[in-house]
Amino acid sequence: MRTGSIPLADLPGGFDLQSTVESGQTFRWEREGPDPETDRAHGSDAWYATVFDGEVVRARRSADALEWESTTDAEPVLRARLRLDEDLAAVREGASDDPIVRAAYERYPGMRLVDDPFFDCLVSFVCSAQMRVERIREMQATLRARYGEPIEADGRTYHAFPTPAALAAAGETELRECGLGYRAPYVARTAEMVASGEWTAADVRADDLETTRERLCEFVGVGEKVADCVALFSLGHLEAVPLDTWIRRAVREHFPACARDDYASTSRAIREAFGPLAGYTQTYVFHYLRHAE
DNA sequence: ATCCAGGATGTAT
DNA sequence: ATACATCATGGA
């Protein structure tokens, strides 16, 4: 395994790995070791492991650096997938100056948006319907363990995220046995669509969010909310504001002037309230509401 | 037991 | 277009 270290001082606005990969944006990072929420006995942060393009990547944040260990040079993929080169200070500066927004940014300094692989993100959020974040994470771990390519590294076995063909071949019945419930046929049919090759990330992505959302809604199990999540966390639409139960509550309680009767106009209103990188603010507020307050 | 979780779909109006 | 019931599963 190769190792490397990226000084936090080189990352504009700093970086926090735990909040970035445990804030419900991505479900592909497995924490190695105890839950830092319940066990604060250790000095530095936990290691997290994932697989990108068949290469194992382990990472942790020490006091002054992002350390990594990988079967290849992981720095480029880490910089890209965790948006490490984005100026977080500028993002925070551009956010709206509302009390709850300010509190959320202050609570999780260094949290960044991810840029996840398209299919993984798509499947994860198809599974997310009426599911708690912790269970979505468990479901994705099950899918990787059962259908992902095993990769040996450092005496351990890691699993890549399953390919579209692998999930399509699994079929509805087996996917139900993974605990997906009524989402099993959604995942099976969406996997078939992607496996057919007619819906690539490049095909689905448009310059404007509205068009991208329309195309994403062609997938089975993808409505406006899930479409916004995929647009935000894997297609680079940083202006997207997914309206889930938590954000709807925030609109109701903190931004009543943005409340509209339908999804699209409410999302547009809160997007304008949050600023140009509204998706960043949405993710901070989501994570903040789900833990603090 | 009843309610809820990062909602979406099918059907009736 | 909009309203409504229904869809698994596990934890509180």
Side-chain angles (χ1 to χ4, degrees), chain A residues 19-29 35 37-38 100 104 108 111 113-114 116 120-143 146 170-193 210 213-235 237-238 240-254 259-268 270-271 274 278-293:
Chain A
S19 58
T20 298
V21 302
E22 292 197 10
S23 50
Q25 313 175 48
T26 178
F27 306 93
R28 57 167 23 260
W29 291 83
D35 185 350
E37 293 292 328
T38 59
I100 189 171
Y108 299 106
M111 188 176 95
L113 284 182
V114 301
D116 260 2
D120 316 22
C121 182
L122 181 61
V123 169
S124 297
F125 282 97
V126 166
C127 290
S128 77
Q130 294 292 99
M131 276 291 162
R132 304 183 188 200
V133 170
E134 293 71 19
R135 283 203 60 207
I136 302 169
R137 207 187 312 283
E138 291 171 14
M139 292 160 72
Q140 305 315 302
T142 301
L143 292 180
R146 297 196 188 181
E172 175 181 341
T173 305
E174 278 192 30
L175 291 176
R176 275 185 192 276
E177 292 167 2
C178 295
L180 299 199
Y182 63 81
R183 304 153 199 80
Y186 300 166
V187 170
R189 294 181 60 188
T190 286
E192 288 171 13
M193 292 173 70
E210 313 297 332
R213 184 194 289 159
E214 272 184 37
R215 294 178 182 172
L216 283 168
C217 285
E218 294 176 18
F219 291 107
V220 183
V222 177
E224 292 173 301
K225 187 271 171 185
V226 167
D228 272 341
C229 287
V230 177
L232 176 59
F233 301 131
S234 81
L235 295 180
H237 279 287
L238 305 192
V241 180
L243 294 182
D244 60 85
T245 54
W246 293 93
I247 299 300
R248 285 178 187 277
R249 183 198 295 180
V251 170
R252 197 167 57 241
E253 296 180 358
H254 299 277
R260 302 287 187 275
D261 46 1
D262 66 318
Y263 182 100
S265 44
T266 303
S267 182
R268 197 178 311 119
I270 194 68
R271 186 191 314 166
F274 278 171
Y280 254 104
T281 300
Q282 186 272 358
T283 302
Y284 271 88
V285 170
F286 172 80
H287 192 46
Y288 177 75
L289 287 178
R290 225 168 53 79
H291 288 86
E293 226 191 33

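Here is how names work: the chains are called A, B, and so on, in the same order as the sequence lines, proteins then strands, and each is numbered from 1.
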- Message: If the condition is ring pair (Phe, Tyr, Trp, His ring centres under 6.0 Å), which residues does A/Y186 pass it with, not counting sequence neighbours?
- Response: none

- Query: How would you list, by chain and number, every residue that makes a salt bridge (Lys or Arg N to Asp or Glu O under 4.0 Å) with A/R290, sequence neighbours excluded?
  - Reply: A/E134

- Tell me, please, which residues at least two apart from A/T26 pass side-chain hydrogen bond (donor to acceptor under 3.5 Å, both in side chains). A/D116

- Per the 3.5 Å Watson-Crick/G-U criterion and a run length of at least three, the stems involving DNA chain B are B:2-5 with C:9-12, B:7-13 with C:1-7

- Message: Once salt bridge (Lys or Arg N to Asp or Glu O under 4.0 Å) is applied, do any residues pair with A/R271, and if so which ones, sequence neighbours excluded?
- Response: A/E210

- So, with a heavy-atom separation below 4.0 Å from DNA chain C, the residues of residues 177-184 of chain A are A/G181, A/Y182, A/R183

- Task: For A/H237, enumerate each residue passing the ring pair (Phe, Tyr, Trp, His ring centres under 6.0 Å) test, keeping only those at least two apart in sequence or located in another chain.
- Result: none

- Query: For A/R176, what residues pass the salt bridge (Lys or Arg N to Asp or Glu O under 4.0 Å) criterion, not counting sequence neighbours?
  - Reply: A/E172

- Go through DNA chain C in 5' to 3' direction and return only the first and the last nucleotide with some atom under 4.0 Å of chain A's heavy atoms. C/dC7 to C/dG11

- Task: With sequence neighbours excluded, tell me which residues meet side chain to side chain contact (heavy atoms under 4.5 Å, CB included) with A/T142.
- Result: A/R146, A/C178

- Query: With sequence neighbours left out, what residues match A/Y280 under ring pair (Phe, Tyr, Trp, His ring centres under 6.0 Å)?
  - Reply: none

Between the protein and nucleotides 9-13 of chain B, list the N/O to N/O atom pairs that are separated by less than 3.5 angstrom.
| unit_1 | atom_1 | unit_2 | atom_2 | d |
| --- | --- | --- | --- | --- |
| B/dT9 | OP1 | A/G221 | N | 2.8 |

